[in-house]
Number of protein chains: 2
Amino acid sequence: MLTAADRVGQGDAGGGNAVADDAGFSARQNEVIEVALRLLVEGGDKALTTSALARAANCSKESLYKWFGDRDGLLAAIVTHQASRVRIIDTAALPKTREQFGAALRLFAEDLLTVLLSDTSLALNRMCVAAVRGEAPGVGAVLLERGKRRIEERARRLLEAGKAGGYVRFEDARAAYRTLYGLIIGDLHINALLGDQAAVSSLSIGGHAREAVAQFLTLYAPAGAGPKIQS
Amino acid sequence: MLTAADRVGQGDAGGGNAVADDAGFSARQNEVIEVALRLLVEGGDKALTTSALARAANCSKESLYKWFGDRDGLLAAIVTHQASRVRIIDTAALPKTREQFGAALRLFAEDLLTVLLSDTSLALNRMCVAAVRGEAPGVGAVLLERGKRRIEERARRLLEAGKAGGYVRFEDARAAYRTLYGLIIGDLHINALLGDQAAVSSLSIGGHAREAVAQFLTLYAPAGAGPKIQS
DNA sequence: ACCGTACCGTACCGTTCGGTACGGTTTTTA
DNA sequence: TAAAAACCGTACCGAACGGTACGGTACGGT
């Protein structure tokens with residue numbers, strides 16, 4: 001028996017000639033997935049019914065079940081699709097100077113804020129959070145693995161580069177990343193997830209990112225450097 | 001017409017003699033609410049159906065609807081009830097020394113971690129997050145107002161006391177609180193909400209709280225003090 | 001011209017849920 | 001003690017959802 005996660009990316013297995021994208025879905029399937037994502041953003045988890053999706057995307061429910069297996073498979077497909085869209089700007093050019101390192105951190109902070117507070121990400125996170133049932137992994141694991149983990153990897157590489165260059169000092173990379181994440185996000189994400197729009201609307205992404213990175217550099221400054229005051 | 005939020009606390013309006021607690025619910029109603037909370041923790045949002053609750057709590061569905069109006073009213077009642085349970089240890093004795101201030105911050109950090117990562121809080125937050133529908137405030141607003149806001153108030157008073165005592169320095173109390181929250185929680189909360197149990201299980205509450213508070217004190221140390229190295 | 005495949009639109013089925021109604025029983029009140 | 005209110009257990013209803021089945025259509029291959 002295939003689980004929903006296993007089924008992801010196995011659509012169009014009948015031998016058609018459609019080309020699959022990176023995530024393994026045909027063009028038509030991606031169209032449907034994007035309509036599903038739109039429904040999800042507009043009306044939340046409850047609005048994304050198979051009937052509503054078939055109507056909005058001009059496809060048949062039978063096709064939905066052939067492509068995605070069941071509703072959970074559809075949800076997993078949406079998460080996978082969106083995770084492949086959020087291209088991680090893998091700064092192949094690792095920072096060579098302290099200024100480049102700070103700039104790379106600020107860029108990461110701005111990207112993280114922009115993505116996490118976007119309507120799309122919020123709707124997706126709400127869906128995955130709601131799908132967690134006790135011990136079952138569910139769709140939330142897919143989002144964790146294909147979304148957050150990859151973002152964390154990017155930051156970890158950046159932090160290691162900063163450590164190698166002597167710009168920051170830390171022992172536990174996991175703890176350092178958690179601190180960086182906390183300084184950038186704070187309680188913004190959970191407030192936004194709970195529907196508090198005021199917290200998000202009155203926020204300067206650039207300014208907040210700069211402040212958070214300055215705080216991080218202060219905390220993880222090498223022993224020799226004096227305390228850096230945030231600009 | 002009453003909204004779900006308006007109805008909260010108006011149970012037992014028929015003239016019974018039952019005594020209402022702080023949140024406005026009778027003893028019997030609190031029994032039912034706690035059973036509902038247990039169902040929610042065990043099986044998630046989907047498991048908390050009116051029929052299941054009536055069966056588990058040995059009450060009739062008719063009583064449920066008389067007490068709470070509709071399902072949303074029941075959910076709001078659960079949130080209100082739990083928020084009133086999490087008594088904020090209002091440290092009436094504000095810190096008089098730097099050590100007391102640090103200890104109070106550490107206690108706050110431990111309380112915050114313990115509460116936010118508890119099964120009950122996670123289930124409640126999952127429910128409220130899932131209940132957010134676009135522009136409608138929903139139950140999430142109740143949790144924000146009666147839960148998070150009050151915790152934030154406690155921390156804000158603590159921070160102001162620290163500022164008055166000269167232990168910390170900041171301009172924007174909101175920003176300072178967000179930093180403190182971020183240092184304490186990091187990405188632990190969202191990971192736990194998404195079902196990642198590994199991130200939570202391998203965590204020493206006390207140690208992490210101490211570290212986060214040390215970082216906060218480093219960042220917000222008054223200008224005169226030298227950089228404090230975390231113990 | 002014929003076939004296989006993929007697909008659409010619609011209808012349909014079994015289940016479940018929120019919400020209501022009713023008879024019988026317990027508890028409160030006078 | 002008797003009326004009245006609250007309550008329980010069960011049954012019931014309409015609606016909506018996940019999932020399936022079927023007839024009809026477009027299209028590329030042979």
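All chains are named by letter (A, B, ...) in the order of the sequence lines, taking the proteins before the strands, and each is independently numbered beginning at 1. For clarity, every value in this text was computed on a predicted model and none was experimentally measured.
- Atom CH2 of A/Trp67 and atom P of D/dT20 are 16 Å apart (whole Å).
- Counting only N and O atoms by type, the side chains of B/Asn125 and B/Ser121 include a donor and acceptor under 3.5 Å apart.
- We find that A/Asp196 and B/Arg149 are joined by a salt bridge, their nearest charged nitrogen and carboxylate oxygen being less than 4.0 Å apart.
- For the pair A/Phe68 CZ and D/dT20 P, the computed distance is 15 Å after rounding to whole Å.
- Considering only heavy atoms from C-beta on, B/Glu34 stays 4.5 Å or farther from B/Ile78 through its side chain.
- The minimum heavy-atom distance linking B/Ala47 with B/Leu39 is given by the pair CB-O, 4.2 Å.
- Side-chain atoms of B/Leu180 and B/Phe108, non-hydrogen and from C-beta on, do get closer than 4.5 Å to each other.
- Distance A/Arg28 CZ to D/dA26 C1': 14 Å, rounded to the nearest Å.
- We find that CG of A/Asp70 is positioned 10 Å from C1' of D/dG19, with the value rounded to whole Å.
- No side-chain heavy atom of B/Thr114 sits under 4.5 Å from any side-chain heavy atom of B/Leu112.
- Rounding to whole angstrom units, CG of residue A/Leu53 and C1' of C/dG9 are separated by 15 Å.
- Side-chain contact between A/His81 and A/Gln29: absent, with no pair of heavy atoms (C-beta onward) separated by less than 4.5 Å.
- Nearest heavy-atom pair, B/Glu160 versus B/Ala173, reported as atom, atom and distance to 0.1 Å: OE2-CB, 3.7 Å.
- Put simply, CD on B/Gln29 is 11 Å from P on D/dC8, counting in whole angstrom units.
- Stem regions for DNA chain D, each three or more consecutive Watson-Crick or G-U pairs with both distances under 3.5 Å and listed by first number, read C:1-30 with D:1-30.
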Sort me out a list of protein N/O and nucleotides 10-17 of chain D N/O pairs below 3.5 Å, or just none if empty.
none

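- Residues from residues 124-131 of chain A with heavy atoms under 4.0 angstrom of DNA chain D: there are none.
- In this structure, A/Tyr65 places its OH atom 17 Å from P of D/dC22, rounding to the nearest Å.
- Side chains of A/Phe216 and A/Leu159 form a contact here, defined as non-hydrogen atoms less than 4.5 Å apart.
- Looking at A/Ile190 and B/Ile190, their side chains never come closer than 4.5 Å, going by heavy atoms from C-beta outward.
- For the pair B/Leu113 and B/His208, the minimum side-chain heavy-atom distance is below 4.5 Å.
- Per the geometry, NZ belonging to B/Lys66 stands 13 Å off P belonging to C/dT20, to the nearest Å.
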